[in-house]
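Each remark here refers to the structure printed beneath this line.
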2 protein chains.
Amino acid sequence: MKAHKKGVKPNGVVTMRDVALKAGVSQGTVSRVLNGTPTSISISSDTQQRVMQAVEELGYYPNLAARTLRTQRTHLIAIMIADISNPFYHSIVRTIQDIVRVKDYDVMIANTDHHYEDEKRFCAAVMRRAVDGVIMVPFHLSTEEIDQVIKRTGTSIVALGKHITHPEVDLVYADDQLATYQGVHWLIADQGHQHIGFIGVPDSFPPGPRRLHGYEAALTEAGIALNPEYMVFGDFTAETGYQSMQNFLSLPTPPTAVFCCNDRIAIGAIAAAQDMGRRVPTDVAVIGFDNIPEATLIRPHLTTMAQHPVEMARQLAQALLERIEGKYTGTQRMFEVPCTLIRRDSA
Amino acid sequence: MKAHKKGVKPNGVVTMRDVALKAGVSQGTVSRVLNGTPTSISISSDTQQRVMQAVEELGYYPNLAARTLRTQRTHLIAIMIADISNPFYHSIVRTIQDIVRVKDYDVMIANTDHHYEDEKRFCAAVMRRAVDGVIMVPFHLSTEEIDQVIKRTGTSIVALGKHITHPEVDLVYADDQLATYQGVHWLIADQGHQHIGFIGVPDSFPPGPRRLHGYEAALTEAGIALNPEYMVFGDFTAETGYQSMQNFLSLPTPPTAVFCCNDRIAIGAIAAAQDMGRRVPTDVAVIGFDNIPEATLIRPHLTTMAQHPVEMARQLAQALLERIEGKYTGTQRMFEVPCTLIRRDSA
DNA sequence: TTGTATGCGTTATCAT
DNA sequence: ATGATAACGCATACAA
């Protein structure tokens with residue numbers, strides 16, 4: 001038999017029992033005082049005082065594991081994004097954290113680097129921990145896989161992007177096909193470009209095909225033939241932009257404008273152009289996507305199709321909290337957050 | 001009385017009892033099979049099969065809250081940083097996550113924005129959750145406050161920076177006073193500058209005074225008088241750099257070189273200089289601190305005193321895991337990670 | 001080799 | 001108004 005004498009606490013952990021002992025009440029009473037007794041209105045303000053004082057003196061903290069076991073609530077929210085080093089996600093993560101924190105939720109973060117493997121691993125973690133809510137940017141997860149998580153844990157889920165569809169998963173997204181179309185259309189109709197490059201991402205990434213379609217639509221509408229040499233695909237990094245622009249500018253007839261699928265690509269592309277002695281936008285115009293803070297740190301300032309991550313994050317957090325708190329229990333909601341073209345100096 | 005019939009599970013949650021039932025063994029046996037029975041070597045490979053199959057078919061996931069309550073281990077690691085949008089922390093956070101993940105630890109993140117309030121709040125969260133380990137970048141927390149967390153929860157803690165000292169908290173840090181001295185010394189001795197500006201942070205931030213001292217030491221050693229107009233203080237943002245540089249360049253005798261306490265400040269400073277028609281480094285040289293990825297995205301490429309976040313994160317994660325796993329139980333360890341000057345084009 | 005029983009710290013349902 | 005007491009799901013000492 002171990003040393004299971006009641007009053008003995010070998011480590012420095014203070015439990016409700018200790019508080020109860022010190023306050024001269026039962027442990028159940030302590031619980032009621034601390035939780036504000038939802039049922040009856042009755043807590044003798046005398047014992048209340050004594051309990052609070054004992055809590056104070058002992059420096060009691062509730063044990064969340066025990067509470068979770070009892071209540072099935074973790075007060076934990078899990079966020080799954082591709083890559084914390086992509087500035088686009090910073091304000092998203094920060095905004096979410098700031099919003100849920102006032103309701104005492106802690107935040108877990110997982111990066112997937114767009115790997116299916118890691119997205120699955122995230123689901124497993126969510127199930128083990130029975131997280132209260134999930135905000136994710138799924139790229140490869142299927143509707144079935146997400147459905148499994150919901151069915152098994154009852155977790156509320158909201159997602160950024162229109163990549164999946166599930167009756168109980170609210171979506172916040174930008175119409176990036178339309179936005180791409182508008183950006184390219186502007187390059188043609190407003191800026192008079194005819195030779196327009198496109199640096200995108202492969203079809204295996206959800207945003208890939210949509211943005212490509214937007215590009216193709218704008219060109220086709222203007223009667224410009226699609227030139228395979230003007231369409232390249234990589235990942236969401238500045239390196240992709242750098243190399244792609246190098247290739248473009250080595251062409252016999254280089255594009256006079258380049259639409260980049262995100263700002264990091266655009267920043268890399270501008271760097272490449274400058275390193276090859278070209279002026280932006282005179283020799284080659286560059287337009288990005290996202291409007292990350294770095295857009296105004298580089299010269300020329302980046303013209304870009306802005307997304308509004310703070311607004312998106314606000315919608316995500318709010319929708320999630322509504323579901324967690326049971327204020328909304330209906331079917332899938334879709335929140336579209338429009339993109340807006342921000343004219344600066346690179347195009 | 002609620003419906004507490006044993007076999008009934010109203011929601012989709014699968015417990016060990018269900019697995020045991022299906023496998024025709026006791027719940028304790030399931031636990032032993034799943035955990036590899038540390039004590040004896042004995043698990044009948046027959047029952048083992050049956051258990052594993054039941055686990056598979058039912059899609060059982062262990063309930064971490066219950067396990068935590070029993071074992072006092074959360075498999076959670078908490079990271080406290082100032083601001084997730086500071087690129088310096090990206091590789092730190094990512095590296096830590098990647099390392100601890102292979103040992104099945106999840107990661108919680110909190111941003112403090114250098115606010116004392118938020119640092120305290122973080123401590124409270126750590127205590128409630130009884131996190132297994134903590135990696136933090138404390139700015140305002142006192143040794144006593146950290147000691148309390150350790151005493152009460154037994155949590156292992158490692159910290160980035162030499163801002164605190166606790167016998168059980170391992171430290172990973174750069175000697176930034178020395179690094180600042182070296183950077184400024186290089187501007188004087190190697191580059192021949194005499195008028196050197198310094199954009200720092202207030203003394204209330206731990207790195208503030210140290211870096212200032214490094215600057216002062218280099219100047220004093222070279223027999224250059226300290227000029228209060230050349231020493232300004234703000235926060236760690238590009239805006240601070242922008243405004244400070246504007247002020248410098250409006251002086252009757254502007255500095256010919258400016259040492260910035262981090263790269264974001266430096267990037268802002270360069271932008272201001274360029275916007276005022278000055279050339280960098282010809283008219284004014286700029287040197288930063290950290291070596292964030294953006295350093296090579298801007299023109300001119302930023303000359304900077306590089307820290308090595310990946311190396312630091314590796315040390316932090318390794319030291320923490322050693323403490324969590326009890327492989328190291330001794331007193332405070334100090335890991336200094338040297339800074340290195342990276343010459344590029346801005347100075 | 002496996003089953004039984006107990007307790008981890010809470011919350012919530014009984015009584016009193 | 002408050003004190004007992006029973007789970008929550010799991011790990012483990014002990015018995016068999």
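Each chain gets a letter, A, B and so on, in the order its sequence line appears, and its residues count up from 1.
A:T15 has no side-chain polar atom (N or O) that falls below the 4.0 Å cut-off from OP1 or OP2 of C:dC8. Remark: B:S31 is not in phosphate contact with D:dT12, judged by side-chain N or O atoms under 4.0 Å from OP1 or OP2. Considering only side-chain N and O atoms, A:S26 lies nowhere under 4.0 angstrom from the phosphate OP1 or OP2 of D:dA4.
Straight-line distance from the CZ atom of B:R128 to the P atom of C:dT10: 13 Å, rounded to whole Å. A straight line from CG of A:L34 to C1' of C:dG9 spans 13 Å, rounded to a whole angstrom. As rounded to whole Å, 15 Å separates atom P of D:dT2 from atom CE of A:M16. One interatomic measurement links the two molecules: NE2 of B:H75 to P of D:dC10, which rounds to 15 Å at whole-angstrom precision. The CG atom of A:N35 sits 10 Å away from the P atom of C:dT10 (whole-angstrom rounding). Remark: C1' of D:dC10 and CZ of A:R129 are 15 Å apart, rounded to the nearest angstrom. Residue A:Q27 contributes atom CD, which lies 15 Å from atom P of C:dT13 at whole-angstrom precision. For the pair A:R17 CZ and C:dC8 P, the interatomic distance rounds to 7 Å; values are reported in whole Å.
Ring pair A:Y116/A:H140 is perpendicular by interplanar angle, where above 60° counts as perpendicular and below 30° as parallel. Note: A:H114 and A:F139 have perpendicular aromatic rings, judged against thresholds of 30 and 60 degrees for the angle between ring planes.
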Practice prompt. Show your working on salt bridge (Lys or Arg N to Asp or Glu O under 4.0 Å) between A:R314 and A:E311 and close with a plain yes or no.
Written response: CA-CA 5 Å; A:R314 203 171 285 153; A:E311 179 58 22; 3.7 Å; yes
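The existence of a salt bridge linking A:D46 and A:R50 is confirmed by a sub-4.0 Å separation between a basic side-chain nitrogen and an acidic carboxylate oxygen. A:D118 and B:R101 are joined by a salt bridge, as a carboxylate oxygen and a charged side-chain nitrogen come within less than 4.0 angstrom of each other.
Side-chain proximity of A:R32 to the nucleotides D:dA13, D:dA4, D:dA11 is greatest for D:dA4.
Side-chain contact between B:I96 and B:I92 is present, with at least one heavy-atom pair separated by less than 4.5 Å.
If you find the closest nucleotide of DNA chain C to B:T71 and to B:G28, the one lying nearer the 5' end belongs to B:G28.
Cation-pi geometry between B:R333 and B:Y328 is met: under 6.0 angstrom from the ring centre, within 45 degrees of the axis.
Of the residues in residues 60-69 of chain B, those with a non-hydrogen atom less than 4.0 angstrom from any atom of DNA chain D are B:Y60, B:P62, B:N63, B:A66, B:R67.
Remark: the B:R70 side chain and the C:dG9 base include no donor-acceptor N/O pair separated by less than 3.5 Å.
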